[in-house]
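Written out below as structure tokens is the structure these notes cover.
Worth saying up front: this structure is predicted, and the values here are computed from it rather than measured. To find a chain, count down the sequence lines: A is the first, B the second, and so on, and within it residues start at 1.
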Amino acid sequence: MDDTELLRKAVSELRRGVIVLAVLSQLSEAQYGYQLMKELSEKGLDVEQGTLYPLLRRLESQGLLDSDWRVEADRPRRYYVLSAQGAQIFPQLEQEWADLVATLDKVLAS
Amino acid sequence: MDLIELYLGEVGRHLPLRSRRDIRAELRSVLQDMLDERAEAAGRPADDAMIFELLEAYGSPREVAASYVPERYLIGPQFFPIFKLVLTVVLSVMGAMALVGLGSTLARLDALTFLVVLEATGKALLDFAGIALQILGNLVLVFVVLQWAMPGFDETLEDETEWDPHSLLDVVPSERVSVAGKIAEIAATLVAILVFNFYSQYVALFFLQDGRWTFAPVLSDAFFRYLPLLTVFWGLEIILNIVLLRRGQWQPLTRWLSVGIELFGVGIGIAMLVGPPLVTLSTEALETIFASDPEAVALLVRMAGIGVRALIGLIIGLEFLDISKTVYWLVKNKKTPVLP
């Protein structure tokens, strides 16, 4: 495995957990998958469709998200939003993230 | 036909039935959104070339479907080492038996030419390959059924990250299940199932005939009438042993299950004890071995019958003792008995 491939795998693993937090952070209001992907992309976080849609379904099955189908301009779209449980957990995740960043900053600086 | 629908159909083929419709509906919506955006960027209506480009970028149907399905396996990481060990032991035993069979075949040959040896060896190898596949298939089936059909067997290693170290204190050393012992029991029981069901001709009396070794099967028709019940009994014992391996210690429920299985075995044993003879020898074999001594033939058959019945009686007695001890402790202490 060459350096580029190793780096790609390491970055992919690093981003995996971060994407969950990023997705939850954008779903205090309902959004459909493609809209969410574009929004994340505009903010600098590119997430592949093959990662995002399965993730949304997994978060829903874990109870962190709710979803419903809506028809807009003759097109059915599945909207996702934070569930009550998701809304309760998200601030704690935010805090965990802040602590983690602070800790890692210290670790990396040393 | 619509290219997107064709694509969705292909993706759906690799998805579980229960979520297929829902995932396809969502993918359809996503692809249409993406296509609209591409058409808008290109300043022209979407055409087939644009759709092909979009589908190529989105990924192959198999790849897309795989992203929705968690990793699946027939035998999980927790059971694979046990599966591998049992398979190795059973295949080794069967390999040794195949070598004995080959040796016996070669010993009976008149002339050991290269071609004859090659043919006999090739046949033995093919036979062994067939039985090895059969063993592999049966073992996989047993482990798959156990893993998916029994509660708790589909837990992943991740679930064990929540283990409580205090649980170490809950296990009384004498109630702990010996992993090596149970695996050996499973392997031995599997060998018994295979030998009596598929290699029963080798449960035989080996003798010299005209200077060559030959053998005569000794199991009677009566024995084979009990074989399905015996196979069920052995199968239940294997399942119980795997459950015990999983739990790591004896518990009241597994003790009671063990008592039930042992009682079932005792029942079969009693039926075999009072039923017709379980061993016999063909007239041809008897005449070959003891042609000049009819009294020896009668004595041999009588002794074999008495010997087999005595052995069955002994096993029943030991099993009954074991059952009595277990039930006494279970009833008296209303807890898992401390048994060796």
_Using only non-hydrogen atoms and a strict under-4.5 angstrom cutoff, which residues of residues 77-103 of chain A touch chain B?_
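From residues 77-103 of chain A, the residues near chain B are A/Arg77, A/Arg78, A/Tyr80.
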*Who in residues 40-72 of chain A is close to chain B, using a strict under-4.5 Å heavy-atom cut-off?*
A/Gln49, A/Gly50, A/Tyr53, A/Pro54, A/Arg57, A/Trp69
Taking atom [atom1] as the centre, does [X] end up with more than 12 heavy-atom neighbours from other residues, nucleotides or ligands that are less than 6.0 angstrom away?
{"X": "A/Asp3", "atom1": "CG", "answer": "no"}
{"X": "B/Arg62", "atom1": "CZ", "answer": "no"}
{"X": "A/Glu5", "atom1": "CD", "answer": "yes"}

*Using a strict cut-off of less than 4.0 Å between a Lys/Arg side-chain nitrogen and an Asp/Glu carboxylate oxygen, indicate whether B/Asp33 and A/Lys38 qualify as a salt bridge.*
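No, this pair does not count.
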_Donor-acceptor pair between A/Tyr34 and B/Glu37 side chains, under 3.5 angstrom_ = yes
*asked:* Under 4.5 Å from any heavy atom of chain A, what part of B/Ala25 do you find: side chain, backbone, both or neither?
replied: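 It is both, since atoms from each part get that close.
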_Can you tell me which portion of B/Leu27 sits under 4.5 Å from chain A's heavy atoms? Options are side chain, backbone, both or neither._
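Neither part; nothing is under 4.5 Å.
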_Contacts of B/Ala98 that satisfy side-chain contact (heavy atoms from CB on, under 4.5 Å) - sequence neighbours left out_ = B/Phe128
*With sequence neighbours left out, what residues match B/Phe264 under side-chain contact (heavy atoms from CB on, under 4.5 Å)?*
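With sequence neighbours excluded, B/Phe264 shows a side-chain contact (heavy atoms from CB on, under 4.5 Å) to B/Leu229, B/Val232, B/Phe233, B/Leu236, B/Ile268, given in chain and number order.
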*chain A contacts, top residue of B/Asp22, B/Val69, B/Ile23, B/Val64 (heavy-atom pairs, under 4.5 Å)*: B/Asp22
